[in-house]
Amino acid sequence: MQPLPPGSTIGILGGGQLGRMLAMAAAQIGYRCHVYAPEGRAVAADVCETRTTAAFEDEAALGRFADACDVLTYEFENVPTAPLKALGLADMVRPGIPALDIAQSRIAEKNFFSDLGARTAPFAWVEDDTTLEDAVEQIGAPAILKTDRMGYDGKGQARIDAAEAVRRGWSKIGQRPAVMEGFVSFDAEFSVILVRAASGEIRFWDSTRNIHEDGILRRSIWPAGPAIEGQVAEARNLARTAAERLGAIGVLTFEFFATADGPLFNECAPRVHNSGHWTIEGAVTSQFENHIRAIAGLPLGDCGTVGRRIEMSNLIGDEIGESAAILGDQAAHLHHYGKADARPGRKMGHVTKLYF
Ligand code: AMP
């Protein structure tokens with residue numbers, strides 16, 4: 001692939017903080033970005049010259065957007081793929097439509113990764129009363145019901161502590177088609193983040209220890225510690241095989257549980273990821289810059305880690321607080337996403353602390 005010349009336009013589907021950080025990395029190496037987002041306020045558009053406000057299903061608007069861009073990417077994995085396919089845009093979208101299709105459905109994802117030999121939590125498909133009863137019998141309690149589609153940050157999930165509570169759990173998630181997963185006992189959580197170039201070359205960032213609360217990432221810490229470090233090689237093998245099988249170009253993220261029996265695959269996000277935000281200051285080349293390099297056909301940058309200890313903390317809801325107070329700590333780098341409304345559970349920014 002010929003590298004995209006400076007001044008070319010990268011189209012970003014989705015207008016959140018991931019798009020904002022992608023656009024900032026793209027500007028650094030001379031590209032313009034055009035954000036496509038349905039919502040009124042899109043924080044990615046603060047740092048882009050051009051923006052389209054339209055629904056993801058609006059084929060006329062999507063077609064005009066694609067005509068104005070040289071390559072397309074996305075920062076939100078629930079972008080509907082049917083309109084992109086109908087418009088013949090699949091070849092323009094990176095990391096790629098096959099990766100999006102797999103990641104948008106938990107059952108498709110579980111089946112794809114199981115076929116590649118991944119260990120996953122035991123799971124069963126639920127779509128009506130009969131399959132719900134069968135799933136409880138098969139999986140037992142405790143378990144988690146997760147909607148097949150449109151779940152993120154713990155949304156669309158219900159914990160089932162006892163088999164009797166299963167109907168309540170299914171009501172909580174709107175009786176939508178779902179996957180019931182057995183509750184896994186794990187020592188720690190980590191992600192494998194890789195970048196794949198158009199040439200097929202793959203590079204990995206170090207894995208951090210990821211700490212979640214209520215289904216939302218709170219912190220990523222490096223070094224990740226021995227419980228994780230001993231499992232990274234096996235997890236990377238799976239991630240590499242998946243990236244190659246999907247023909248993906250750009251950054252992909254794979255989340256794992258470190259268990260007594262080795263890495264257990266949880267889910268894949270075919271995009272830059274919250275657990276890779278530390279790479280902005282903590283790696284020679286960040287996930288955002290390498291994603292842009294990969295989709296633009298440029299050589300990849302070094303993914304090596306800088307420093308002795310790194311800690312990334314999300315600022316959720318009113319934790320965003322006063323910037324001056326956060327920056328009083330000399331180790332802290334503040335990333336404020338520019339969102340107006342500090343609603344509970346909303347990711348408002350993050351802080352990365354580097355210790356040398
Ligand atoms: P997910 O949206 O699937 O990534 O789930 C969000 C978080 O919930 C994970 O990072 C875990 O902390 C927890 N979780 C999800 N699935 C399971 C499971 N099967 N067993 C135990 N904890 C889980």
Side-chain angles (χ1 to χ4, degrees), residues 16 18 76-78 99-100 102-114 118-126 135-136 138-163 165-166 169-170 172-174 176-193 207-221 224-225 227-228 231 235 238-239 242 252-277 312-314 316 345-347 350:
L18 299 178
F76 169 62
E77 77 261 32
N78 289 315
L100 272 178
I102 291 293
Q104 287 180 359
S105 155
R106 285 194 188 269
I107 194 71
E109 184 179 68
K110 288 259 192 293
N111 288 332
F112 176 79
F113 281 90
S114 300
R119 286 196 321 120
T120 68
F123 63 93
W125 176 246
V126 173
V136 182
Q138 187 188 327
I139 305 295
I144 308 186
L145 258 181
K146 302 182 178 180
T147 54
D148 184 44
R149 291 183 169 271
M150 296 298 282
Y152 65 97
D153 283 349
K155 295 188 176 68
Q157 297 192 7
R159 198 175 148 157
I160 313 292
D161 287 315
V166 70
W170 201 38
K172 186 183 159 205
I173 62 162
R176 285 185 283 159
V179 172
M180 185 179 290
E181 270 183 39
F183 205 77
V184 173
S185 141
F186 54 80
D187 299 322
E189 294 188 67
F190 67 102
S191 42
V192 167
I193 309 182
S207 288
T208 53
R209 178 188 178 104
N210 298 332
I211 298 164
H212 292 83
E213 278 168 29
D214 300 327
I216 302 183
L217 182 68
R218 296 298 323 197
R219 287 191 298 152
S220 301
I221 294 167
I228 288 170
Q231 304 200 358
L238 175 71
L252 304 181
T253 304
F254 303 82
E255 293 185 79
F256 291 90
F257 300 127
T259 74
D261 302 323
L264 191 137
F265 171 77
N266 178 28
E267 63 179 1
C268 163
R271 54 165 170 78
V272 289
H273 194 259
N274 194 172
S275 62
H277 288 0
M312 189 291 305
S313 305
N314 275 334
I316 297 172
R346 193 172 194 210
K347 291 175 180 168
H350 73 266

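One-based numbering, in listed order, for ligands and for the atoms of each.
Across Glu267, Lys146, Arg106, heavy-atom proximity to atom 15 (C) of ligand 1 is greatest for Lys146.
Evaluated for a side-chain hydrogen bond (donor to acceptor under 3.5 Å, both in side chains) with Glu181, the options Lys146, Gln157, Arg106 yield exactly one hit, Lys146.
Counting the atoms of ligand 1 from 1 in the order shown, those under 4.0 Å from a heavy atom of Glu189 are 9 (C), 10 (O), 11 (C), 12 (O). Distances below 4.0 Å separate heavy atoms of Phe186 from the following atoms of ligand 1: 21 (C), 22 (N). Listed by atom number, the atoms of ligand 1 under 4.0 Å from His212 heavy atoms are 10 (O), 12 (O).
Considering backbone and side-chain N/O atoms, Gly182 comes within less than 3.5 Å of an N/O atom of ligand 1. Considering backbone and side-chain atoms alike, Val184 places an N or O below 3.5 Å from some N or O of ligand 1. Residue Gln157 has at least one N or O atom closer than 3.5 Å to an N or O atom of ligand 1.
Annotation: side chain of Arg218 is not in contact with side chain of Asn314 (no heavy-atom distance under 4.5 Å). Between Pro177 and Trp125, the closest side-chain pair of non-hydrogen atoms falls below 4.5 Å.
Asn266 places no side-chain N or O within 3.5 Å of a backbone atom of Glu255 that could act as its donor or acceptor partner. Without hydrogens or angle criteria, Gln231 side chain to Thr259 main chain gives a donor-acceptor distance under 3.5 Å. In this structure a side-chain-to-backbone donor-acceptor pair under 3.5 Å is missing from Thr208 to Asn210.
With a heavy-atom cut-off of 4.0 Å, Asn210 does not touch ligand 1 at all.
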